[in-house]
Engineer: 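First the structure, then my questions, so here it is.
Atom set for the values below is all heavy atoms of this structure, side chains included, hydrogens, waters and symmetry mates excluded.
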Protein chains: 2
Amino acid sequence: MKYSASKENHLKAIFHLQHEQGIVTTNALAAALQTRPASVTDMLKKLKEQKLLLYERYKGFRLNNEGKKAAIQVIRKHRLWEYFLVKKLQFGWDEVHEIAEELEHISSKKLVDRLDAFLGFPDTDPHGDPIPDSQGRFLQRRQISLSELPLNKLAQVSAIASQTSEMLELLQYNHIQLGTRLLISRKFPFDNSLEVKIRSRPPVTLSAQVAKNVLVKDDE
Amino acid sequence: MKYSASKENHLKAIFHLQHEQGIVTTNALAAALQTRPASVTDMLKKLKEQKLLLYERYKGFRLNNEGKKAAIQVIRKHRLWEYFLVKKLQFGWDEVHEIAEELEHISSKKLVDRLDAFLGFPDTDPHGDPIPDSQGRFLQRRQISLSELPLNKLAQVSAIASQTSEMLELLQYNHIQLGTRLLISRKFPFDNSLEVKIRSRPPVTLSAQVAKNVLVKDDE
DNA sequence: AATTAAATTTAGACAAATCTAAAATTAAAA
DNA sequence: TTTTAATTTTAGATTTGTCTAAATTTAATT
């Protein structure tokens, strides 16, 4: 199925917001797309019409399976083109986004798959984001600092940035190690410290300094 | 300056028709673009408005300098992408046109120039058409058979396909050799023979068989 | 030269995507 | 729990590119 560039942009933005915020609001989507809430509402109706979106007026919305599949294909194209621009055409990683915003709407599926092969089936784009494969599967997950993790989002510890023994001791004391599944249950804006929950354990508090050095990936 | 995909398509089609037919008509353009004459007229007004086109109603039209420059940039993009698809992504030369029709509308000038460098500054696309350089100059001209040359269009002999001695003798007798400037002054549909004029000489007649084996390039 | 035919343009409509301003609904605060 | 505020949606307009049908202009024929 082929969708207009504008529809693809909406699908992609909803997918990202859904992923990061759990729930998507009309205002948030309008802000993400640099457009107006009224315009978003118009588009939501069309996407629902095309059975890409679960949506009832005033009651929020989210992509259904079809919508997610479509969004992932756009993301795949975007990230493959970014990879191409940086690795083959010598662009800087910070100047490729705008161009990829255009390239991602080229429709040929065959083109994307050939490009993928030409690039050697990369699984991470120049910004560190995972590139879904031809079937829409993310083989790699995005690695971020624990301090960037949204509230109540389950994640898994994937690396420790600064491996001083003092740091490792502190983490070990708090039962945090590679592979530990955790989520942030509270954030304290005063000093940016975090309350972290590990399954079937009392919550522990981590300083901003520690959180910055714990890298996590989305849990599925 | 940036133009819509539809405008770029019109500019490109006018450029080609202008080049091949000398004069462009509303109907011919509509046919080339698979659209309606009325739609073409609408677009002509907009292109005139934007000072890309010399146009007065009912009196025909042609691109001005600005229009030509814009058209050539689109053609450059189209042909570079075709070259990329065939040489790097292993597409067949006969399956790249449609994809290039989309890619040619990506706007970044920097992208095109980087792509050009990545491809090694090719001067001919996979169909044998010349690729204009970054400044819009055609360094290579298209080679076609004399039998495909339009009426009254000046061209220059660039190659002889079948070099039998009988053929060369015949050509020599008619004062035709590499570099000869000529034009077709008449075509005889009965046997597809041609009357050919060479500057300051009486016209000569060539059979379809001979014409097929004489290759020519546009003269500038 | 008058008539017919072909080409071109205008007039008016439509679809997609967007907008502003006003109305409806939901959420937050007093 | 009213009242107020924020969010979301509707109604109606705008822009771009397209269309059909009718009118106009130019070209071709008799």
Side-chain angles (χ1 to χ4, degrees), chain A residues 1-14 17-18 21-63 67 70-71 74 101-102 104-107, chain B residues 1-14 17-18 20-63 67 70-71 74 101-102 104-107 151:
Chain A
M1 205 83 330
K2 202 188 151 180
Y3 308 107
S4 73
S6 178
K7 273 184 189 141
E8 289 192 342
N9 285 335
H10 281 77
L11 291 170
K12 194 177 56 151
I14 297 169
L17 290 173
Q18 193 165 305
Q21 315 292 322
I23 190 150
V24 195
T25 67
T26 302
N27 272 349
L29 184 51
L33 290 167
Q34 311 235 70
T35 183
R36 299 295 179 166
S39 310
V40 165
T41 301
D42 290 341
M43 187 57 88
L44 293 178
K45 283 192 220 156
K46 291 174 200 163
L47 294 176
K48 184 191 180 179
E49 189 72 25
Q50 274 171 81
K51 299 199 192 309
L52 297 165
L53 194 69
L54 302 170
Y55 166 62
E56 302 208 36
R57 69 202 207 312
Y58 292 111
K59 301 222 170 140
F61 51 91
R62 66 179 202 280
L63 296 175
V74 181
E101 284 291 302
E102 287 189 60
E104 73 187 5
H105 302 298
I106 304 294
S107 58
Chain B
M1 205 83 329
K2 202 186 152 180
Y3 309 108
S4 73
S6 178
K7 276 188 188 136
E8 289 193 340
N9 285 334
H10 280 77
L11 291 171
K12 192 177 55 151
I14 297 169
L17 290 173
Q18 193 165 307
E20 285 151 28
Q21 314 293 320
I23 190 150
V24 195
T25 67
T26 302
N27 271 350
L29 185 51
L33 290 168
Q34 311 236 70
T35 182
R36 298 297 178 164
S39 310
V40 165
T41 301
D42 291 341
M43 186 57 88
L44 294 178
K45 283 190 219 156
K46 291 175 199 163
L47 294 176
K48 183 189 180 180
E49 190 72 24
Q50 274 170 80
K51 301 201 193 306
L52 297 165
L53 194 69
L54 302 171
Y55 166 62
E56 300 207 39
R57 70 203 207 311
Y58 292 110
K59 303 224 170 140
F61 50 90
R62 66 178 202 279
L63 297 175
V74 181
E101 283 291 302
E102 287 190 60
E104 73 187 5
H105 302 298
I106 304 294
S107 57
L151 207 62

Engineer: Over all strands shown, is A/S39 touching base, sugar-phosphate only, or nothing at heavy-atom distances under 4.0 angstrom?
Structural biologist: base
Engineer: Scan B/Y55 against the nucleic acid and name what it touches under 4.0 Å (heavy atoms): base, sugar-phosphate only, or nothing.
Structural biologist: sugar-phosphate
Engineer: Just verifying a value: how many Å separate B/L29 CG and B/F61 CZ, rounded to the nearest 0.5 Å?
Structural biologist: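 The distance works out to 5.0 Å.
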Engineer: When the distance from NZ of A/K59 to C1' of D/dT8 is rounded to whole Å, what number comes out?
Structural biologist: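 Spelled out: NZ on A/K59 to C1' on D/dT8 is 13 Å.
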Engineer: Could you pick out which residue, B/K46 or B/A38, lies toward the 5' side of DNA chain D when each is mapped onto its nearest nucleotide?
Structural biologist: B/K46
Engineer: Taking the side chain as every heavy atom from C-beta outward, state whether A/Y3 and A/V74 have any pair of such atoms under 4.5 Å apart.
Structural biologist: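 In short, these two side chains do not touch, never coming nearer than 4.5 Å.
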Engineer: Can you measure A/D42 atom CG to D/dT14 atom P for me and round it to whole angstrom units?
Structural biologist: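 Atom CG in A/D42 sits about 16 Å away from atom P in D/dT14.
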Engineer: Rounded to the Å, how far apart are A/Y3 OH and C/dA16 P?
Structural biologist: 15 Å
Engineer: Taking only side-chain N and O atoms of B/T26, does any of them lie within less than 4.0 angstrom of OP1 or OP2 on C/dT9?
Structural biologist: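 Yes, such a contact exists.
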Engineer: Taking only side-chain N and O atoms of B/R57, does any of them lie within less than 4.0 angstrom of OP1 or OP2 on D/dT24?
Structural biologist: no
Engineer: Could you tell me the separation between the NZ atom of A/K46 and the CG atom of A/L52, rounded to the nearest 0.5 Å?
Structural biologist: 13.0 Å
Engineer: Has B/T35 got a side-chain N or O lying under 4.0 Å from the OP1 or OP2 atom of D/dG17?
Structural biologist: no
Engineer: Starting at atom NZ of A/K45, determine the distance to atom C1' of C/dT18, rounded to an integer number of angstrom.
Structural biologist: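 My rounded result for the distance is 13 Å.
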Engineer: Looking at every strand, decide which applies to B/S6 at a 4.0 Å heavy-atom threshold: base, sugar-phosphate, or nothing.
Structural biologist: sugar-phosphate
Engineer: Whole angstroms only, please: what is the CG-P distance between B/L33 and C/dT8?
Structural biologist: 14 Å
Engineer: Separation of B/Q34 atom CD from D/dG17 atom C1', in whole Å?
Structural biologist: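 Spelled out: CD on B/Q34 to C1' on D/dG17 is 17 Å.
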Engineer: Separation of B/E56 atom CD from D/dT24 atom P, in whole Å?
Structural biologist: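 Nearest whole value for this atom pair: 20 Å.
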Engineer: Could you give all pairs that pass the salt bridge (Lys or Arg N to Asp or Glu O under 4.0 Å) test and reach residues 49-61 of chain B, with sequence neighbours left out?
Structural biologist: none
Engineer: Need to verify one output field. Residue with the more 5' nearest nucleotide on DNA chain C, A/R36 or A/Y58?
Structural biologist: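 Comparing both residues, the 5'-ward one is A/R36.
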Engineer: With a non-hydrogen cut-off below 4.0 angstrom, is A/T41 in contact with a base, only sugar-phosphate, or nothing?
Structural biologist: base
Engineer: Under 3.5 Å for both donor-acceptor distances, Watson-Crick or wobble: does C/dT8 have a partner, and if so which one?
Structural biologist: D/dA23
Engineer: Just jot down the side chain to side chain contact (heavy atoms under 4.5 Å, CB included) partners of B/E102, sequence neighbours excluded, or say none.
Structural biologist: A/I106, A/S107
Engineer: Rounded to whole Å, please give me the gap between CG in A/N27 and C1' in D/dT7.
Structural biologist: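 Distance, rounded to whole Å: 6 Å.
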